[in-house]
Amino acid sequence: MGAAWFSGSTLLGVMLGSHPSIFFAGEARHTSYFDDPDAPLKQRVCRLCGPGCTVWGDLQVTHGEDLYEMLSRRTRRPLVFDSSKRISWIKPQISALRDLVPLRLIVLTRDGRAVVNSQLRKWPETSAREHAAAWAKHMRGIEELASCWPGSVHRLCYEELTSRPEFTLRALTDFLGVAFDPVMLDPWNSDQHPLGSNDGPLLMLLRERSSSAVTRVITPDNKTRDWYGTHPRGIVLDLRWKHELSADELAGFEEVAGEINRAYAWEEPME
């Protein structure tokens with residue numbers, strides 16, 4: 001996947017992962033933490049099951065093996081969706097797999113102001129300008145990756161996904177070569193086993209499960225817990241940035257990242 005952090009990749013992954021032909025791996029790059037006992041637990045186990053996960057719990061990943069083929073066999077799902085965003089992870093996967101399987105890249109974008117707002121909520125000690133600069137740099141890297149991708153590329157934006165989910169998912173499943181399944185529009189009862197990933201959609205999944213049935217490896221901050229604790233079950237467009245970012249933060253973003261954001265900026269459709 002090509003995306004910035006806080007662009008809706010976990011939500012998209014949960015929706016795709018509810019499809020009977022698609023396994024949502026979460027951020028598969030976290031397999032690099034499996035042999036590191038010093039890494040935080042949440043970095044190296046399934047975020048919903050914990051260490052006893054039936055998919056990841058006893059998985060041994062050795063150099064030279066096709067991780068995605070292993071996951072496909074384990075889950076009996078022909079497609080594996082990896083929401084890892086680090087280009088330093090994605091490029092070696094391309095090199096290893098380009099001659100073995102068809103590679104498809106999903107480029108998920110979101111208005112950079114929304115991304116920076118989410119980052120400020122999580123890391124307020126860093127300025128909006130610094131967050132904006134890091135986002136702009138990453139998106140330039142994603143665009144470069146997409147331009148030389150050795151396979152098919154599909155683009156969608158978070159705002160379209162959440163405001164027109166069925167239309168957006170139908171186009172995406174066509175791209176992936178599978179039939180659209182309405183269960184994707186209400187994925188909260190689905191069986192998921194993601195590594196890494198954003199807390200919010202995972203909290204939505206946990207709301208539908210018995211608390212005694214899972215080992216929770218999710219420790220959201222208070223704002224995330226409060227927001228998703230009262231979040232409706234449906235797919236909802238989040239535009240909190242419009243009233244949470246200050247005038248100074250918006251000005252700083254525009255100065256640093258305004259130009260590149262022209263391609264991703266979201267304006268609500270006129271009634």
Take F180 and D174 through the side chain to side chain contact (heavy atoms under 4.5 Å, CB included) test and state the conclusion after the steps. CA-CA 8 Å; F180 171 77; D174 283 348; over 6 Å; no
Which atom names give the shortest non-hydrogen contact between [X] and [Y], and what distance separates them?
X    : Y    : value
R155 : A146 : NH2-CB, 4.2 Å
V14  : P201 : CG2-CB, 4.4 Å
G26  : P194 : CA-CB, 3.9 Å
M139 : I260 : CB-CD1, 4.0 Å
L108 : C157 : CD1-C, 4.0 Å
E27  : S197 : OE2-N, 2.8 Å

Enter the distance from [X]:[atom1] to [Y]:[atom2] here, rounded to the nearest 0.5 Å.
X    : Y    : atom1 : atom2 : value
R113 : K242 : CZ    : NZ    : 7.5 Å
S152 : L103 : OG    : CG    : 9.5 Å
T173 : L16  : OG1   : CG    : 8.5 Å
D186 : M15  : CG    : CE    : 9.5 Å
L239 : S163 : CG    : OG    : 9.0 Å
S118 : R110 : OG    : CZ    : 5.0 Å

N/O donor-acceptor pair under 3.5 Å between [X] side chain and [Y] backbone:
X    : Y    : answer
W56  : C49  : no
S147 : E144 : yes
R77  : G17  : yes
Q192 : F24  : no

R47/D199 salt bridge by N-O under 4.0 Å criterion: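 Yes.
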One thing to verify: whether R262 and E254 come together as a salt bridge, which I'm taking to mean a side-chain N less than 4.0 angstrom from a carboxylate O.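 R262 and E254: salt-bridged.
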I'd like to know if [Y] and [X] are part of one continuous hydrophobic network [Ile/Leu/Val/Met/Phe/Trp/Tyr, side-chain heavy atoms within less than 4.5 Å].
X    : Y    : value
I142 : V256 : no
F167 : I235 : no
L185 : L176 : yes

Go through it in stages, so that I can follow the logic: the residues are E255 and R129, the test is side chain to side chain contact (heavy atoms under 4.5 Å, CB included), and I'd like the CA-CA distance, side-chain angles, deciding distance and then a yes or no. CA-CA 8 Å; E255 183 177 343; R129 289 176 61 91; 3.1 Å; yes
Evaluation steps, side chain to side chain donor-acceptor pair (under 3.5 Å), between S246 and D248: CA-CA 5 Å; S246 69; D248 285 346; 5.4 Å; no
Looking at residues at least two apart in the chain, or sitting in another chain, which of them share a side chain to side chain donor-acceptor pair (under 3.5 Å) with N117?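 For N117, the residues satisfying side chain to side chain donor-acceptor pair (under 3.5 Å) (neighbours in sequence not counted) are E244.
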Check the angle between the aromatic planes of W5 and H138 and answer parallel, tilted or perpendicular using the 30° and 60° thresholds.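 The arrangement is tilted - the two ring planes meet at 30° to 60°.
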Do the rings of Y264 and W135 sit parallel, tilted or perpendicular, given the 30° and 60° boundaries?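 Taking W135 first and then Y264, their aromatic rings stand perpendicular (interplane angle over 60°).
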Minimum side-chain heavy-atom gap [X]-[Y] below 4.5 Å:
X    : Y    : answer
L145 : I94  : yes
H19  : V183 : no
F23  : H193 : yes
R121 : F6   : no
L172 : L161 : no
V80  : T75  : no
D238 : T162 : no
M1   : I106 : yes

Please check if atom [atom1] in [X] has more than 12 non-hydrogen atoms from other residues, nucleotides or ligands closer than 6.0 Å.
X    : atom1 : answer
K91  : NZ    : no
E143 : CD    : yes
D58  : CG    : yes

Show your working on side chain to side chain contact (heavy atoms under 4.5 Å, CB included) between V116 and W241 and close with a plain yes or no. CA-CA 8 Å; V116 166; W241 68 268; over 6 Å; no
Please name all residues satisfying ring pair (Phe, Tyr, Trp, His ring centres under 6.0 Å) with Y68, sequence neighbours left out, ordered by chain then number.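 Expected list: none.
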With D181, which of P20, S18, S21 fulfils side-chain contact (heavy atoms from CB on, under 4.5 Å)?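 With D181 as partner, side-chain contact (heavy atoms from CB on, under 4.5 Å) holds for just one option, P20.
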Candidate list N261, V115, L245, test side-chain contact (heavy atoms from CB on, under 4.5 Å), partner F253, passing option: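 Of the listed residues N261, V115, L245, the side-chain contact (heavy atoms from CB on, under 4.5 Å) partner of F253 is N261.
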R44 NZ/CZ over Y33 ring centroid, <6.0 Å and within 45° of normal: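 Relative to the ring axis of Y33, which defines the angle, R44 lies outside at least one limit.
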Could you give me the CA-CA distance, side-chain angles and deciding distance for D82 and I90, then say whether side chain to side chain contact (heavy atoms under 4.5 Å, CB included) is met? CA-CA 9 Å; D82 179 2; I90 298 172; over 6 Å; no
